[in-house]
Amino acid sequence: MQVVGSDLKGVTLMSNVALNAQNVGKSFASEEPFIKRWRNRNGKRLAVNDVSFQVNRGEIYGVLGPNGSGKSTLIRCIATLLIPDAGYIEIFGHDIERDEMIVKRLINRVSVDAAFFKKLSAMENLLYAARLYSMDGLTARRKIREILGRLGIKELNQPLEHMSRGMQQKVAIARAFLSSPILLLLDEPTTGLDPRSKREVQEFVLEMRDQHDATVLLTTHDMDEADKLCDRVAIIDNGKIIAEDTPQGLKESIRHRIPQPTLEDVFMELTGKQLVVEQDLAKEVS
Amino acid sequence: MSFWTRELRATYAFVERNFNLVKRYWGWELVWITYSIVNSLAITFIGAGMEKISGQSVDTQFLILYLLVGTLIWSYLSVVFDSISEMITWERWEGTIEYTFMAPVSRSTHMIGTTLFAVAYGIFRTLITLGVVTFFFQINLEKANLAGAMLLLLIGSVSFIGFGIVAAVLPLLFSERGSQMTHVIEALLLLISGIYYPISVLPDWLQTVSMLSPATYVLDAMREAILHGKSTVELLPYAWPLLVMGVITIPFGLLVFGIVERFAKRTGRLKRSG
């Protein structure tokens with residue numbers, strides 16, 4: 001295999017394709033009672049079904065899909081948190097199973113739930129994360145202040161449980177940025193953020209790509225966000241990729257039916273489902 | 001950056017994180033230390049009251065010290081065992097487990113970091129308990145070989161760590177009941193290890209099983225060092241079984257943990273929700 005260069009962490013990159021997923025499949029045991037499962041032994045729930053795609057270095061690649069379509073499972077597979085049942089995934093040419101430790105040094109992930117030690121402060125949580133990624137204390141503290149400052153978080157020493165959901169999500173984003181990943185997995189990173197915070201995070205994502213040579217895989221329910229940030233977009237439904245193109249290309253594909261289509265129109269045309277967005281949830285609640 | 005620098009920094013990450021957690025949950029820690037002290041006092045008072053209970057002459061000082069060694073060692077080993085076996089439970093509860101498992105850190109480094117803190121914190125808590133109980137009973141430790149006792153305690157910790165790692169597998173396998181299952185292991189060790197009584201009072205088959213518990217050897221050694229003042233050299237025969245157990249149980253624990261971690265990644269048991 002061709003060696004194409006080295007990143008700052010001393011890991012040799014074996015390919016210029018940041019992410020190569022081929023025929024990836026993942027299913028889970030059904031959550032039915034044991035007797036039903038025993039009667040129906042093949043009754044597995046298929047979360048990701050023969051998914052193949054490539055993301056080039058420096059790209060922002062969006063994965064859009066309804067709730068339960070397999071987006072988070074796919075990201076967990078890439079993040080080495082799930083082992084695929086079929087196919088393979090390579091990060092810069094490194095297989096996620098065979099070269100797990102190398103892959104872990106190249107990636108980081110933000111999930112929709114900002115999971116932290118809630119009694120610890122932002123500084124304590126991020127210091128822990130930084131040390132896991134081999135950063136020394138001084139450098140880590142400096143970078144933490146810098147990144148949190150950029151995201152508008154000034155209170156570094158109060159327990160995270162005292163922060164709003166949006167602020168916690170920003171700290172989660174800072175945690176991922178802290179390790180300077182060259183493949184950043186963002187699983188609905190702006191869900192729950194106010195418009196200003198959302199914009200700050202989006203700018204930060206672009207900066208990570210433009211100035212820090214990061215490749216980004218982004219899942220989102222915000223179609224405008226996907227349109228604004230993504231170079232290419234895949235639409236996933238029932239665990240399968242049903243369309244993949246640039247946002248413009250996807251919109252062009254339905255122009256014969258809708259004169260001025262948005263990415264949301266594309267989504268609904270292809271999945272046949274309504275988007276569940278925060279506004280809808282708010283309406284439901286009210 | 002060298003491999004060792006990376007691993008050392010990651011090791012320190014776990015030590016520092018656990019220290020911060022203890023600091024932030026200080027209220028809980030205060031409760032546990034108080035519980036531990038009261039428990040030790042209550043058990044040691046059984047020794048103080050034995051003459052009145054039985055109506056016969058008893059070497060009360062010896063009995064107090066005998067029970068005190070048991071309660072202190074059990075308190076220490078419980079802290080070490082709990083800290084290691086609960087590392088998964090705690091992370092699952094906080095929801096951070098995926099982030100820790102996604103980091104480029106080997107599981108042995110994860111365990112070493114957790115263990116180092118557990119041993120240091122266990123010693124700290126045991127010394128506080130010892131100080132309070134000594135104040136209550138005015139115990140005379142002039143003849144005791146405290147240095148030898150401490151050495152054996154540290155050696156004993158090594159073998160207990162292996163048991164802790166194996167127990168840590170349970171919360172990974174059973175997200176809701178795994179934590180309670182580790183307490184069953186702990187309770188069995190309490191029963192068979194001669195914490196508050198000599199193992200010779202146990203049925204024969206349980207005496208045989210007690211030979212598999214590292215706590216049995218730690219307690220025998222500690223009592224020889226503290227009650228009979230035996231020298232460190234004389235304590236060495238107790239050290240070998242502990243070292244052998246450590247050499248077997250730690251790699252075995254890591255192997256089992258590795259297998260179960262892969263199983264958890266295949267079946268999706270790492271995540272808490274979402």
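Keep in mind that the numbers below use all heavy atoms, side chains included, and drop hydrogens, waters and symmetry copies. The sequence lines fix the lettering, A, B, ..., with proteins before strands; numbering per chain opens at 1.
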So, taking the atom named CD in B:Glu94 and the one named CG in A:Leu120, what distance separates them when rounded to the nearest 0.5 Å? 7.5 Å
So which of B:Ala264, B:Gly268, B:Pro104 has the largest heavy-atom pair count under 4.5 angstrom toward chain A? B:Pro104
Any idea which heavy atoms bring B:Tyr99 and A:Ser111 closest together, and the distance? OH-OG, 2.7 Å
For A:Arg175, is it the side chain, the backbone, both or neither that has a heavy atom under 4.5 Å from a heavy atom of chain B? side chain
Where does A:Asn125 contact chain B at under 4.5 Å (heavy atoms): side chain, backbone, both or neither? neither
What are the two closest non-hydrogen atoms of A:Lys104 and B:Met102, and how far apart are they? CG-O, 3.3 Å
For the interface with chain A, which of B:Phe14, B:Tyr25, B:Phe101 has the highest count of heavy-atom pairs at distances below 4.5 Å? B:Tyr25
Closest non-hydrogen contact found for B:Arg24 with A:Asn157 is NH2-O, 3.2 Å
Top contributor to chain B contacts, counting heavy-atom pairs under 4.5 Å, from A:Pro84, A:Ser121, A:Ser27: A:Ser121
Contact summary for B:Glu98 and A:Arg76, nearest pair of heavy atoms: OE2-NE, 2.6 Å
With respect to chain B, which residue among A:Asp85, A:Leu127, A:Thr73, A:Val103 yields the maximal number of heavy-atom pairs within a distance under 4.5 Å? A:Leu127
Given a strict heavy-atom distance threshold of 4.5 Å, which part of A:Glu97 is in contact with chain B: side chain, backbone, both, or neither? side chain
Please report the closest heavy-atom contact between A:Ser134 and B:Arg9, naming both atoms and the distance. O-NH1, 2.7 Å
N-O pairing of A:Glu100 and B:Arg262 below 4.0 Å: no
Crowded around B:Trp32 CH2? As in, over 12 foreign heavy atoms under 6.0 Å? no
Identify the heavy atoms of B:Lys265 and A:Leu81 that sit nearest to each other, and give their distance. CG-O, 3.5 Å
Please identify which of these residues, B:Asn20, B:Thr100, B:Asn18, meets the side-chain hydrogen bond (donor to acceptor under 3.5 Å, both in side chains) condition with A:Tyr128. B:Thr100
Option that, when pairs with chain A are counted at under 4.5 Å, heavy atom only, ranks first among B:Ser106, B:Ala103, B:Gly113: B:Ala103
